[in-house]
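So the structure is just underneath, and the comments pick up after that.
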Amino acid sequence: MSDPRNPEKRPPREEDPYTPDAKVSLSRVVGEMGVVNEHITLYLNRSTGETFFVSDEIDVDAEDFDDDELSSLPDWERETIEKSKEVLESDDWIELPSQFDLDEYRAMTEFAQGQHPGVSRTLGDALHGSGAFRRFKRAIDEFGVREEWFEFREGWIADAVRRVLERHRIPFRR
C-alpha cells in the first residue's frame with residue numbers, strides 16, 4: 001500500500017499521454033485513417049509525429065532492384081519505395097490500426113444499438129448478409145443519421161488510435 005506522505009513508498013505515476021504541445025496530433029491521424037484499407041497501412045513516426053502510407057502494391061524488397069533499375073524509376077516512385085523501406089525497417093515507425101483492427105462492422109452494430117428502437121432494428125437488420133455495408137449506408141441516409149454515424153465512426157477510430165499511442169507511450173495532442 002502506498003503512503004502519500006512518503007514519496008519513496010508512492011507507486012510511480014503514469015504519465016498522461018495527452019500533452020498539448022506533443023508532436024502527434026490525434027485529430028490529424030484520425031483524419032488520415034480514412035485512407036486505410038486492405039492494401040494501405042498508415043505508419044507513425046513516434047518521435048516526429050510524421051505519418052506515411054505504405055501500400056502493399058509497392059514492392060520494397062531491395063533484392064528486387066539493382067541500382068540501375070531503381071535509378072531508372074520516376075522520382076516519385078523511387079522516393080516512395082525508399083521511404084517505404086525506411087518506415088518498414090525502422091523502430092522509429094509504428095503501424096497504426098489496420099482496416100481489420102478497426103472492425104467497422106462492429107462499430108456499425110454498436111451505432112445501430114444506440115439508436116431509437118425502430119431505427120436500431122432497421123439498421124441492425126441491414127447488417128445481415130451480403131451487401132450489409134451498402135444497406136447500412138442507405139439506411140443511415142433514410143433515417144437522417146449520417147452525420148451522427150460519421151461522428152460515432154470518427155470517435156471509434158480515435159479510440160483505436162489512442163489505444164495504440166498509449167500502448168507505445170507516445171504523447172499526443174487532441
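As the structure is a computational prediction, the values presented were derived from the model and not from experiment.
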If two hydrophobic side chains count as joined below 4.5 Å and joins carry through other members, does Ile157 share a cluster with Leu165?
-> yes

Quick one: side chain to side chain donor-acceptor pair (under 3.5 Å) partners of Asp91, sequence neighbours excluded?
-> none

Distance-only check: which donor-acceptor pairs under 3.5 Å involve side-chain atoms of residues 24-33, not counting sequence neighbours?
residue: Ser25; atom: OG; partner: Ser27; partner atom: OG; Å: 3.4
residue: Ser25; atom: OG; partner: Arg28; partner atom: N; Å: 3.2
residue: Ser27; atom: OG; partner: Arg174; partner atom: O; Å: 3.0
residue: Arg28; atom: NH1; partner: Glu32; partner atom: OE2; Å: 3.4
residue: Arg28; atom: NH1; partner: Thr51; partner atom: OG1; Å: 3.3
residue: Arg28; atom: NH2; partner: Gly49; partner atom: O; Å: 2.5
residue: Glu32; atom: OE1; partner: Thr51; partner atom: OG1; Å: 2.4
residue: Glu32; atom: OE2; partner: Thr51; partner atom: OG1; Å: 3.3

Nearest 0.5 Å, what's the CZ-OG distance between Arg135 and Ser130?
-> 7.0 Å

Side-chain donor/acceptor of Tyr43 to backbone N/O of Ser84, under 3.5 Å = no

If you measure from CZ on Phe136 to CG on Asp125, what distance do you get to the nearest 0.5 Å?
-> 12.5 Å

Can you measure from CZ (Arg46) to CD1 (Ile170) and round to the nearest 0.5 angstrom?
-> 5.0 Å

Look at atom CZ of Arg162 and say whether more than 12 heavy atoms of other residues, nucleotides or ligands are closer to it than 6.0 Å.
-> yes

How far apart are the C-alpha atoms of Glu142 and Lys137, what are their side-chain angles, what is the distance that settles it, and do they pass the salt bridge (charged side-chain N to carboxylate O under 4.0 Å, His left out) test?
-> CA-CA 9 Å; Glu142 179 182 320; Lys137 289 179 180 176; over 6 Å; no

Do Leu96 and Trp156 sit in the same hydrophobic cluster, where Ile, Leu, Val, Met, Phe, Trp and Tyr count as joined when their side-chain heavy atoms come under 4.5 Å apart?
-> no

May I have the list of side-chain donor-acceptor pairs in residues 111-123 shorter than 3.5 Å, sequence neighbours left out?
residue: Gln115; atom: NE2; partner: Phe111; partner atom: O; Å: 3.4
residue: Ser120; atom: OG; partner: Ala112; partner atom: O; Å: 2.8
residue: Thr122; atom: OG1; partner: Gly118; partner atom: O; Å: 3.1

For the pair Arg78 and Asp75, find out whether any cationic side-chain nitrogen is under 4.0 Å from an anionic carboxylate oxygen.
-> yes

Using the test salt bridge (charged side-chain N to carboxylate O under 4.0 Å, His left out), find all partners of Glu148 that sit at least two apart in sequence or belong to another chain.
-> none

What's the spacing between Leu73 CG and Glu79 CD if we round to 0.5 Å?
-> 11.0 Å

Arg106/Glu110 salt bridge by N-O under 4.0 Å criterion | yes

Phe152 reachable from Phe133 in the ILVMFWY side-chain graph, under 4.5 Å edges = yes

In short, Leu42 meets Phe53 closest at the heavy-atom pair CD1-CE2, 3.5 Å

Look at the side-chain heavy atoms of Ile, Leu, Val, Met, Phe, Trp and Tyr, link any pair under 4.5 Å apart, and say whether Val36 and Met108 land in one connected group.
-> no

Do Ile94 and Val35 belong to the same hydrophobic cluster, where Ile, Leu, Val, Met, Phe, Trp and Tyr are linked whenever their side-chain heavy atoms lie under 4.5 Å apart, directly or via other members?
-> yes

Please name all residues satisfying side chain to side chain donor-acceptor pair (under 3.5 Å) with His168, sequence neighbours left out, ordered by chain then number.
-> none

Val161 versus Leu44: any side-chain heavy-atom pair under 4.5 Å?
-> no

Kindly indicate, with the supporting measurements, whether the criterion salt bridge (charged side-chain N to carboxylate O under 4.0 Å, His left out) is fulfilled by Asp141 and Arg146.
-> CA-CA 6 Å; Asp141 286 337; Arg146 177 180 279 274; 2.5 Å; yes

Got Glu86 and Phe52 here, is their nearest side-chain heavy-atom distance under 4.5 Å?
-> no

Heavy atoms, side chains only, cut-off 4.5 Å: are Trp93 and Glu50 in contact?
-> yes

Residues, nucleotides or ligands: over 12 heavy atoms within 6.0 Å of Lys23 NZ | no

Please name all residues satisfying side chain to side chain donor-acceptor pair (under 3.5 Å) with Gln99, sequence neighbours left out, ordered by chain then number.
-> none

Atom CD1 in Ile140, atom CD in Glu147: separation rounded to 0.5 Å?
-> 9.0 Å

